[in-house]
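Just below is one structure, and these are the notes that go with it.
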Amino acid sequence: MPMSHKLSSFVMLACLGMAGMTHAGDGGVTSKTILQTTTSWDGTPYKSYPTGSPQVTVLRIDIPAHSTLAWHQHPMINAAYVLSGTLTVEKKDDGQKRELHAGEALAETVDSTHRGYTGDQPITLIVFYAGATGMPLSIHTQ
């Protein structure tokens with residue numbers, strides 16, 4: 001099955017809330033909850049979704065080996081799924097870090113300055129953003 005069809009199936013199942021359920025006539029499709037949380041990876045509770053007209057954005061992000069992203073913040077709840085590679089995320093204020101590997105998901109921080117960096121291998125992420133029309137997905141900081 002091409003990657004776009006696999007991703008479409010994954011997104012559809014996740015959006016329909018079918019975690020752990022199989023239905024007659026579905027061709028044996030199953031789903032597994034990868035991430036369900038009310039807090040970001042550092043334990044900070046999510047407050048609320050942004051006001052305004054809802055907009056969901058899904059990005060595929062490819063980061064080369066030996067790369068460091070700029071310090072940035074996200075103004076909305078978002079979550080990343082690692083397709084391949086390893087990524088380390090780091091918070092600027094306290095240096096807290098978490099390493100992610102293929103098959104893992106991360107609930108991102110909101111309004112908290114952080115960055116990610118790779119080691120010897122590139123990484124491919126699928127990131128889901130739950131924002132509002134006109135909101136930037138990330139804001140670069142110093």
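Considering all non-hydrogen atoms of both residues, Val127 and Ala80 come closest at CG2-CB, 3.9 Å. Shortest non-hydrogen contact noted between Pro50 and Ala130 is CD-O, 3.7 Å. Closest approach of Thr51 to Ala132, counting heavy atoms only: O-CB, 3.4 Å.
The stretch residues 94-126 participates, sequence neighbours left out, in these ring-ring contact (aromatic ring centres under 6.0 Å, His included) pairs: His72-His114, His74-His114. Within the structure, the salt bridge (charged side-chain N to carboxylate O under 4.0 Å, His left out) test picks out the following pairs touching residues 104-125 (sequence neighbours left out): Glu90-Arg115. Residue pairs that meet the salt bridge (charged side-chain N to carboxylate O under 4.0 Å, His left out) test with at least one member in residues 36-52, sequence neighbours left out, are Asp42-Lys91.
Hydrophobic clustering of Ile, Leu, Val, Met, Phe, Trp and Tyr side chains at less than 4.5 Å, counting indirect connections, unites Val82 with Ile63. Taken together through direct or relayed side-chain contacts under 4.5 Å among Ile, Leu, Val, Met, Phe, Trp and Tyr, Val58 and Ile34 form part of one hydrophobic cluster. Taking hydrophobic clusters as Ile, Leu, Val, Met, Phe, Trp and Tyr residues chained together by side-chain heavy-atom distances below 4.5 Å, Leu69 shares a cluster with Tyr129. Cluster annotation: Ile61 and Met135 are assigned to the same hydrophobic cluster (Ile/Leu/Val/Met/Phe/Trp/Tyr, side-chain heavy-atom contacts under 4.5 Å, transitive).
Within the 4.5 Å cutoff, side-chain heavy atoms of Val89 are placed close to those of Leu106. Using a 4.5 Å heavy-atom cutoff, the side chains of Leu87 and Leu125 are in contact. Side-chain atoms of Ser40 and Tyr46, non-hydrogen and from C-beta on, do get closer than 4.5 Å to each other.
A distance-only check finds a donor-acceptor pair linking the side chain of Thr37 to the backbone of Thr39 [under 3.5 Å]. Judged by distance alone, with hydrogens and angles left aside, the side-chain atoms of Thr118 form a donor-acceptor pair with the main-chain N or O of His66 at under 3.5 Å. Looking at Ser112, its side chain never comes within 3.5 Å of a backbone N or O of Thr109 through a donor-acceptor pair.
Separation of atoms OG1 (Thr124) and OH (Tyr81) is listed at 12.0 Å; rounding is to 0.5 Å. If you take CG on Asn78 and CZ on Phe128, they are separated by 11.0 Å, rounding to the nearest 0.5 Å. Separation of atoms CG (Leu100) and CD1 (Ile123) is listed at 6.5 Å; rounding is to 0.5 Å.
The number of heavy atoms from other shown groups lying within 6.0 Å of CD (Gln36) does not exceed 12.
A donor-acceptor pair shorter than 3.5 Å can be found between the side chains of Gln73 and Thr113.
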Next item on the list: Please lay out, stage by stage, how Leu137 and Leu59 fare under the test side-chain contact (heavy atoms from CB on, under 4.5 Å).
Entry: CA-CA 10 Å; Leu137 301 179; Leu59 299 181; 3.7 Å; yes
